[in-house]
Amino acid sequence: MTSFVLLACIMASSGGLIFGYDIGISGGVTSMDSFLEKFFPSVYAQQQADSSASQYCKFDSELLTLFTSSLYVAALLSSFAASRVTRVSGRKLSMLIGGMTFLAGSAINGAAVNVFMLILGRVLLGIGIGFANQSVPVYLSEMAPAKMRGTLNIGFQLMITVGIFAANLINYGTASIKGGWGWRVSLGLAAVPAIIMSVGALVLPDTPNSLLERGFAEEAKKMLQKIRGTDDIQEEYDDLIAASEEAKTVKSPWSNILQNKYRPQLTMAILIPFFQQLTGINVIMFYAPVLFKTIGFGGEASLASAVITGIVNVFATFVSIATVDRLGRRALFLQGGAQMLISQVVVGTLIGLKFGTSGEATELSKGYASIIVLFICVYVAAFAWSWGPLGWLVPSEIFPLEIRSAGQSITVSVNMFFTFIIAQVFLLALCHMKFGLFYFFGGWVVIMTAFIYFFLPETKNVPIEEIILVWKQHWFWGKFIADEDIHVGEHAFKNTSA
Ligand code: BGC
């Protein structure tokens with residue numbers, strides 16, 4: 001691998017920062033008294049007056065979650081616009097638009113004087129995230145040499161986790177600012193990752209795949225030689241040519257994607273982000289402070305626990321960076337699934353034993369509480385080396401060029417949609433399902449792990465424009481793809497059978 005490609009991928013990964021920063025910042029801000037008092041006075045009053053005995057229903061307020069969620073709707077819709085920009089004008093432009101819009105959103109949010117500004121800012125943040133998540137994973141998967149595609153792509157997830165962690169720390173600091181403007185700092189600092197990403201997008205080269213798709217054959221060849229660090233790129237270049245010829249025959253990627261031959265990839269583009277959210281991870285990411293308060297930690301302790309899960313999230317991601325191209329995607333999915341299931345059952349049971357179904361408040365001993373935190377960490381670690389990174393990597397590498405951009409926007413939209421749903425209903429669900437909520441997500445983990453076992457073929461080390469061969473060889477999906485649908489070169493066969 002050349003240092004040029006490494007550098008380009010590191011810079012592009014910074015696109016994950018804006019997403020992560022936002023995930024991490026909202027939960028903390030919406031639990032700051034000064035913020036609630038200013039923008040959601042009725043929620044604040046309700047919270048102050050709430051002396052209900054049930055530990056499960058303490059923070060049950062939909063208004064509170066509306067603020068968090070408006071962003072996801074904007075991201076969902078904008079990823080479709082991003083799909084067109086990414087395809088027609090290149091991955092780089094989408095990243096730039098993403099960074100700049102996010103920057104505008106953070107400025108408006110930091111300066112907000114009313115709820116309207118708050119929501120407007122959040123919609124802009126959402127548009128930024130829609131563009132970033134649509135373009136960055138695809139960019140990384142196209143730039144990377146096949147044997148390192150997993151490692152380089154997971155830079156994106158690593159930056160998401162760094163963003164979440166940084167946001168947790170910042171909230172921790174700003175929550176104690178006297179004078180009630182701490183939330184402004186939290187929201188305004190989103191400008192930092194936005195600037196990093198925008199500058200990165202300005203200087204990044206475009207991918208050879210995209211250059212060729214847009215008709216710049218010479219530039220594409222030169223870029224491929226540059227990023228591979230050798231002139232000997234004919235085989236890969238031939239595949240790119242074949243892929244871009246195919247792409248030219250496709251007038252509308254949206255109607256095309258519905259064809260039978262794309263059924264395997266379309267299924268994954270929908271189910272992988274759906275399953276990723278149904279692991280329940282964002283209950284921890286958004287509501288860790290609330291959740292820890294609910295299970296009996298004091299205010300300070302709950303923020304500290306959020307910081308602990310943040311650290312685990314970052315460091316566990318390195319496990320997948322180090323192993324994804326050797327052990328493969330499937331091994332990580334299956335191991336991570338098993339580990340998540342075990343920890344969910346343990347956490348659910350521990351909470352259930354203590355609070356039962358009535359949710360009567362009982363003091364948790366330090367030891368008991370620590371064991372709960374420990375298993376939450378075990379769960380977060382498993383997610384961080386399986387569904388977290390793979391939920392972005394796998395969709396970005398399984399589509400043929402002609403529908404890659406459209407496919408990725410489907411992934412982003414489904415991801416945002418279910419993130420939104422979980423953000424909306426979690427507090428209510430905790431109130432009604434109580435500790436059973438952990439079993440609920442555990443049940444989904446069983447389903448998704450079985451799904452991966454039977455239906456996801458291994459894609460490690462296969463060149464991105466040759467993935468079609470993997471689908472063709474799969475016991476179930478193979479029948480959707482006719483021999484005439486395969487245009488990549490002969491040499492490809494020896495690559496996949498190796
Ligand atoms: C998911 C986010 C999640 C984050 C946690 C990402 O892959 O898409 O929803 O909050 O991982 O690290």
Side-chain angles (χ1 to χ4, degrees), residues 13 15-28 65 68-69 71-73 75-76 79 125-126 129-130 132-134 136-137 140 150 153-168 193 269-289 291 306-321 324 329 332-333 336-337 340 376-396 408-424 426 441 444-445 448:
S13 301
L17 279 178
I18 62 170
F19 183 38
Y21 188 84
D22 190 83
I23 293 168
I25 216 74
S26 324
T65 54
T68 315
S69 303
L71 173 146
Y72 294 94
V73 180
L76 186 164
S79 75
L125 298 183
I129 290 174
N133 290 15
Q134 201 280 333
V136 174
L140 293 169
N153 181 292
I154 295 177
F156 177 66
Q157 173 74 12
L158 182 67
M159 288 301 149
I160 295 179
T161 63
V162 168
I164 297 175
F165 180 52
N168 282 349
I270 296 170
L271 284 184
I272 290 183
F274 166 75
F275 284 145
Q276 189 204 48
Q277 289 309 312
L278 266 289
T279 57
I281 187 67
N282 279 324
V283 164
I284 310 289
M285 295 301 140
F286 295 152
Y287 298 109
L291 192 69
V307 171
I308 295 173
T309 56
I311 294 180
V312 171
N313 198 18
V314 173
F315 282 97
T317 308
F318 284 101
V319 174
S320 60
I321 290 185
V324 68
R329 287 68 167 142
L332 287 173
F333 265 129
M340 279 195 282
I376 289 184
C377 289
V378 171
Y379 162 80
V380 169
F383 177 87
W385 63 60
S386 61
W387 281 91
L390 302 176
W392 294 104
L393 165 63
V394 172
S396 79
Q408 182 69 13
S409 356
I410 294 178
T411 294
V412 174
S413 323
V414 173
N415 196 306
M416 295 303 144
F417 180 73
F418 286 99
T419 309
F420 165 75
I421 296 287
I422 294 206
Q424 280 294 326
F426 162 72
F441 287 124
W444 278 104
V445 168
M448 64 186 82

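Atoms within a ligand are numbered from 1 in the order they appear, just like the ligands themselves.
Protein neighbours of ligand 1 below 4.0 Å, counting non-hydrogen atoms: F19, I23, Q157, T161, I164, Q276, Q277, N282, M285, N313, F383, G388, W392, N415.
When only modelled atom types and interatomic distance are considered, S79 and N133 share no side-chain donor-acceptor pair under 3.5 Å.
For the side-chain hydrogen bond (donor to acceptor under 3.5 Å, both in side chains) condition, the pairs that include at least one residue of residues 377-389, sequence neighbours left out, are Q335-W385.
Residue L393 comes nearest to R329 through the heavy atom pair CD2-NE, 3.7 Å, listed as atom of the first residue, atom of the second, then distance.
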Q | Worked verdict on M416 versus F420 for side chain to side chain contact (heavy atoms under 4.5 Å, CB included) | A | CA-CA 6 Å; M416 295 303 144; F420 165 75; over 6 Å; no
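Of the possible polar contacts, one joining the T317 side chain to the N313 backbone as a donor-acceptor pair under 3.5 Å is found.
Looking at N282, N415, T411 one by one, the single match for side-chain hydrogen bond (donor to acceptor under 3.5 Å, both in side chains) with Q276 turns out to be N415.
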